[in-house]
> 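Here it is, the structure in full.
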Amino acid sequence: VQLQASGGGLVQTGDSLRLSCAASGRTFSSNPMGWFRQAPGKEREFVAAISWNSGRTYYADSVKGRFTISRDNTRNTVYLQMNRLKPEDTAVYYCAADSRRYYVGNVGKAPNEYDYWGQGTLVTVSS
C-alpha cells in the first residue's frame with residue numbers, strides 16, 4: 001500500500017500550488033484522508049482533512065480560506081489546492097489516510113489518528 005504525494009515546488013508569495021496524493025495497493029474511498037505539514041524544527045501539524053464522501057472538510061485556522069481539500073474516489077486521489085501562499089506555509093506536506101474510520105463524517109486532526117502516510121512533498125514559498 002502506498003500513498004504517493006506530488007505537486008510541491010518552489011513558488012513566490014501569493015502563488016498557488018496543487019498537491020496530489022494517489023493511493024495504490026488498496027482503496028481509501030470509505031475512509032477519511034488528510035494533509036499535514038512539517039516545517040524544519042517543528043512538529044508535524046494538521047492542515048486539512050476530508051470525510052470519505054467529501055461531505056465534510058476541516059481546515060487549520062492558518063490555512064482556512066486559502067487552501068481547499070478535495071478527493072476523487074474514482075481515482076483514489078486526494079488533492080490540496082493552495083492559494084495565496086505565504087512563506088510560513090513552507091514545509092514538507094504529507095498526505096495520510098485513516099483506515100480505522102469508515103463511512104463516517106468525523107475525521108481526525110492528530111497525526112496519530114492516521115495509519116497510512118505518504119512520503120511527503122516539499123513546498124517552499126519565497127518572500
Side-chain angles (χ1 to χ4, degrees):
V1 179
Q2 191 173 21
L3 294 176
Q4 182 70 42
S6 61
L10 172 63
V11 297
Q12 295 185 332
T13 297
D15 285 350
S16 298
L17 275 177
R18 188 194 196 204
L19 305 184
S20 299
C21 175
S24 60
R26 62 160 286 173
T27 177
F28 293 104
S29 59
S30 60
N31 308 111
M33 297 191 73
W35 287 95
F36 291 77
R37 67 186 181 187
Q38 188 165 17
K42 295 188 176 181
E43 293 188 353
R44 192 167 298 190
E45 65 174 2
F46 171 77
V47 175
I50 188 167
S51 62
W52 69 280
N53 62 351
S54 304
R56 295 187 182 182
T57 56
Y58 303 82
Y59 298 93
D61 289 343
S62 59
V63 307
K64 202 171 294 183
R66 299 188 298 122
F67 290 12
T68 302
I69 188 171
S70 61
R71 66 190 297 165
D72 183 347
N73 285 343
T74 66
R75 298 179 182 270
N76 220 12
T77 300
V78 64
Y79 305 96
L80 186 68
Q81 177 66 44
M82 305 186 295
N83 298 330
R84 303 197 305 277
L85 283 161
K86 305 176 181 179
E88 50 264 44
D89 295 319
T90 294
V92 177
Y93 283 71
Y94 298 90
C95 60
D98 175 7
S99 70
R100 291 164 292 194
R101 288 188 177 97
Y102 45 91
Y103 299 124
V104 295
N106 61 311
V107 304
K109 296 181 181 179
N112 62 9
E113 296 183 87
Y114 291 79
D115 51 347
Y116 288 89
W117 290 86
Q119 86 289 359
T121 185
L122 176 63
V123 173
T124 304
V125 185
S126 64
S127 57

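When reading the values below, keep in mind they use all heavy atoms of this one structure, side chains included, and skip hydrogens, waters and symmetry mates.
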> How close do V63 and R37 get, counting heavy atoms only, and between which atoms?
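Reported closest heavy-atom pair: CG1-NH1, 3.9 Å.
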> Taking the side chain as C-beta and beyond, is there a heavy-atom pair between P111 and Q38 under 4.5 Å?
no
> Does a side chain donor of either N53 or S51 reach within less than 3.5 Å of an acceptor in the other side chain?
yes
> In chain order, what residues pass the side chain to side chain contact (heavy atoms under 4.5 Å, CB included) check against A97, with sequence neighbours excluded?
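Partners of A97 by the side chain to side chain contact (heavy atoms under 4.5 Å, CB included) criterion, ordered by chain and then number, come out as L3, F28, M33, Y116.
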> Given side chains that start at C-beta, do those of D89 and R66 come closer than 4.5 Å, heavy atoms only?
yes
> Does a side-chain heavy-atom distance below 4.5 Å link M82 with L19?
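Heavy-atom side-chain distance check passes, below 4.5 Å.
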> Would you say D98 and Y114 make side-chain contact, with heavy atoms under 4.5 Å?
yes
> Mark yes or no for whether T77, through its side chain, and R75, through its backbone, hold a donor-acceptor pair below 3.5 Å.
yes
> List the steps, then state whether side-chain contact (heavy atoms from CB on, under 4.5 Å) holds for F46 with E113.
CA-CA 11 Å; F46 171 77; E113 296 183 87; over 6 Å; no
> Measuring only between side-chain heavy atoms, which start at C-beta, is T121 closer than 4.5 Å to S6?
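Sidechains of S6 and T121: no contact.
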> Pick from Y94, W117, Y93: which one makes a ring-ring contact (aromatic ring centres under 6.0 Å, His included) with F36?
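Of all the options given, the one that passes is W117.
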> Quick one, T13 and P87 - any side-chain contact, counting heavy atoms below 4.5 Å?
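When only atoms from C-beta onward are counted, P87 and T13 do touch, with a gap below 4.5 Å.
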> Please say which of T90, V11, T124 ends up in a side chain to side chain contact (heavy atoms under 4.5 Å, CB included) with L85.
V11
> Could you tell me whether a side-chain N or O of N76 sits under 3.5 Å from a main-chain N or O of S24, the two making a donor and an acceptor?
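A pair under 3.5 Å: no.
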> Could you work out, with side chain to side chain contact (heavy atoms under 4.5 Å, CB included) as the rule, every residue matching Q12, not counting sequence neighbours?
D15, S126
> Is the count of non-hydrogen atoms from other residues, nucleotides or ligands lying under 6.0 Å from K64 atom NZ greater than 12?
yes
> Indicate yes or no: at least one non-hydrogen side-chain atom of W35 is less than 4.5 angstrom from one of F67.
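Result no, sub-4.5 Å side-chain heavy-atom pair not found.
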> Mark yes or no for whether R56, through its side chain, and V107, through its backbone, hold a donor-acceptor pair below 3.5 Å.
no
> Hey, could you give me the CH2/CG distance between W52 and N73, rounded to the nearest 0.5 Å?
8.0 Å
> Would you say CZ of R26 has more than 12 non-hydrogen atoms from neighbouring residues, nucleotides or ligands within 6.0 angstrom?
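Counting other residues, nucleotides and ligands, CZ of R26 exceeds 12 neighbours.
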